[in-house]
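Values in this document were obtained by computation on a predicted structure and should not be read as measured data.
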Amino acid sequence: MKREKYKRVLLKLSGEALAGEAGYGIDNEILEVIANEIKDMRDAGIELSIVVGGGNIFRGVKGATKGMDRASADYMGMLATVLNAIALQDALERKNVYTRVQSAIEMRAVAEPYIRRKAMRHLEKGRVVIFAAGVGSPYFTTDTTAALRGMEMNCNVLIKGTSVDGIYTADPKLDKTATRFEQLSYMDVLQKGLKVMDTTAISLCMDNKLPIIVFNLREKGSMLKIVQGENVGTLVHK
Ligand code: UDP
């Protein structure tokens with residue numbers, strides 16, 4: 001199937017993506033690699049907004065299962081995404097990529113508050129907008145945030161970087177016979193229970209026809225190939 005080219009893109013980076021081999025914290029080398037890929041996208045004229053996760057620092061549900069109040073744990077998770085957003089901003093600005101961090105939880109000393117129209121203006125001016133603190137409410141995830149902001153920013157596609165090059169019939173790291181899907185419908189993902197993004201995020205994309213492409217973040221140049229219409233990763237659409 002022939003893929004489309006995309007001009008305005010929402011990139012979802014999970015916390016784990018920034019952690020590298022250690023599985024936690026921020027790995028500077030990985031951050032550098034990701035920043036280079038993002039710079040290539042900007043140089044190609046792509047309007048880019050990014051939603052960062054926080055799982056490498058704190059995951060609310062895990063905190064909650066250890067006896068913490070779920071909402072308190074989730075607020076900690078949201079604050080963790082702010083740390084990642086600032087690290088990513090710093091890495092990008094060292095490469096002269098202009099960025100703005102907008103946080104859904106106000107903290108004016110470190111980030112702009114989330115204002116949709118202002119974020120749109122930044123994109124038009126060629127700045128990369130990094131959305132921090134999720135949607136600002138507990139019981140949500142940064143995947144859902146990515147779907148929501150993707151729609152609010154009128155993005156043409158949501159691309160999600162992972163450690164495998166798409167969606168497989170089974171976990172390719174555990175099952176050698178697993179095969180990659182080139183494309184899937186939103187319904188397939190929901191019905192097969194494929195672990196792409198949480199169901200709230202998938203449903204939101206489905207209801208508003210925002211295509212999702214899952215790709216391998218470690219494969220150099222993948223992001224750019226996707227937006228240029230190459231057949232990379234797995235496309236989830238109608
Ligand atoms: N979180 C939240 N509301 C949001 C976004 C995130 O409460 O709108 C919390 C939630 O506890 C989550 C944590 O922040 O576990 C980190 O986000 P997420 O798990 O989505 O990060 P990722 O898996 O992408 O690293």
Side-chain angles (χ1 to χ4, degrees), residues 1-21 26-53 56 81 83-102 119-132 142-143 145-147 149-150 153-167 180 182-183 196-197 210-237:
M1 194 203 72
K2 202 169 172 328
R3 292 262 185 94
E4 274 181 52
K5 289 183 182 168
Y6 302 102
K7 172 88 176 110
R8 184 173 282 191
V9 176
L10 188 296
L11 167 67
K12 163 70 208 291
L13 285 178
S14 70
E16 276 86 0
L18 307 177
E21 296 305 317
I26 301 169
D27 181 314
N28 274 330
E29 272 172 45
I30 302 251
L31 201 57
E32 178 81 12
V33 171
I34 295 174
N36 278 330
E37 299 276 296
I38 293 170
K39 182 176 168 37
D40 289 346
M41 300 259 277
R42 268 309 306 140
D43 290 347
I46 305 300
E47 293 176 353
L48 192 67
S49 26
I50 305 172
V51 168
V52 280
N56 55 324
T81 70
L83 300 185
N84 286 333
I86 293 170
L88 184 61
Q89 175 175 50
D90 183 82
L92 286 169
E93 298 219 321
R94 269 185 276 135
K95 298 186 184 302
N96 300 319
V97 177
Y98 297 106
T99 66
R100 293 288 186 274
V101 175
Q102 287 204 346
M120 296 282 259
R121 189 81 188 108
H122 290 320
L123 293 181
E124 284 160 14
K125 285 190 172 175
R127 297 173 188 140
V128 174
V129 185
I130 305 170
F131 294 113
T142 52
D143 278 350
T145 311
R149 296 287 185 251
M153 292 301 118
N154 297 334
C155 290
N156 315 118
V157 69
L158 189 173
I159 63 174
K160 176 167 169 153
T162 68
S163 56
V164 279
D165 62 347
I167 306 170
R180 179 173 66 94
E182 202 170 290
Q183 57 170 321
V196 184
M197 298 205 296
L210 178 66
I212 305 163
I213 297 177
V214 179
F215 70 101
N216 189 347
L217 199 60
R218 311 249 156 102
E219 243 168 58
K220 202 174 175 312
S222 305
M223 281 188 218
L224 195 57
K225 284 184 188 154
I226 289 172
V227 299
Q228 289 173 339
E230 283 189 43
N231 206 339
V232 172
T234 301
L235 168 68
V236 181
H237 59 163

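A donor-acceptor pair under 3.5 Å links the side-chain atoms of Arg8 to the main chain of Met153, judged by distance alone. Counting only distance, with no hydrogens or angles, the side chain of Asn156 and the backbone of Lys7 share a donor-acceptor pair below 3.5 Å. Judged by distance alone, with hydrogens and angles left aside, the side-chain atoms of Arg42 form a donor-acceptor pair with the main-chain N or O of Gly126 at under 3.5 Å. Of the possible donor and acceptor atoms, one in the side chain of Ser14 sits under 3.5 Å from a partner among the backbone N and O of Ala17. Looking at Lys220, its side chain never comes within 3.5 Å of a backbone N or O of Glu37 through a donor-acceptor pair. Judged by distance alone, the side chain of Glu93 and the main-chain N or O of Thr99 form a donor-acceptor pair under 3.5 Å.
Atoms CG and CD1, on Leu88 and Ile34 in that order, are 7.5 Å from each other to the nearest 0.5 Å. In this structure, CG on Leu224 lies 12.5 Å from CD1 on Ile38, to the nearest 0.5 angstrom. If you take CG on Asn96 and CG on Asp43, they are separated by 10.0 Å, rounding to the nearest 0.5 Å. To the nearest 0.5 Å, the span separating NZ on Lys160 from CG on Leu10 amounts to 12.0 Å. To the nearest 0.5 Å, atoms OG1 (Thr81) and CG (Leu13) are separated by 12.0 Å. The line from CD1 of Ile46 to CD of Gln228 is 7.0 Å long, rounded to the nearest 0.5 Å.
Side-chain contact between Val164 and Arg180 is absent, with no heavy-atom pair separated by less than 4.5 Å. With contacts defined as side-chain heavy-atom distances shorter than 4.5 Å, the pair Arg218/Ile30 qualifies. Contact annotation: the side chain of Leu158 approaches that of Met197 to within less than 4.5 Å [non-hydrogen atoms, C-beta and beyond]. Here the side chains of Arg121 and Arg127 are not in contact, with every heavy-atom distance at 4.5 Å or above.
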>> Does Met120 form a side chain to side chain contact (heavy atoms under 4.5 Å, CB included) with Glu47? I'd like the steps, not just the answer.
In response: CA-CA 10 Å; Met120 296 282 259; Glu47 293 176 353; over 6 Å; no
>> Between Arg149 and Lys12, is the side chain to side chain contact (heavy atoms under 4.5 Å, CB included) condition met? List the steps.
In response: CA-CA 10 Å; Arg149 296 287 185 251; Lys12 163 70 208 291; over 6 Å; no
>> With side chain to side chain contact (heavy atoms under 4.5 Å, CB included) as the criterion, how do Thr234 and Val196 come out once you've worked through the C-alpha distance, each side chain's angles and the decisive distance to 0.1 Å?
In response: CA-CA 10 Å; Thr234 301; Val196 184; over 6 Å; no
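Pairing each heavy atom of Gly53 with each of Thr142, the nearest pair is CA-OG1, 3.5 Å. Closest approach of Phe131 to Ser49, counting heavy atoms only: CE1-CB, 3.6 Å. Across Ala147 and Leu210, no two heavy atoms sit closer than the pair O-CD2, 4.0 Å. Residues Val129 and Gln102 approach most closely at CG1-CG, 4.3 Å, considering heavy atoms. The two residues His237 and Pro211 come nearest to each other via the heavy atoms CB-CB, 4.4 Å. Across Ile26 and Leu83, no two heavy atoms sit closer than the pair CD1-O, 4.4 Å.
Enclosure of atom CD in Glu29 is not indicated, since only 12 or fewer non-hydrogen atoms of other residues, nucleotides or ligands lie within 6.0 angstrom.
Exactly one of Leu217, Val232, Leu11, Leu48 qualifies for a side chain to side chain contact (heavy atoms under 4.5 Å, CB included) with Ile159. That residue is Leu11. With Val9 as the partner, the side chain to side chain contact (heavy atoms under 4.5 Å, CB included) test is satisfied by one option alone out of Ile226, Ile213, Val157: Val157.
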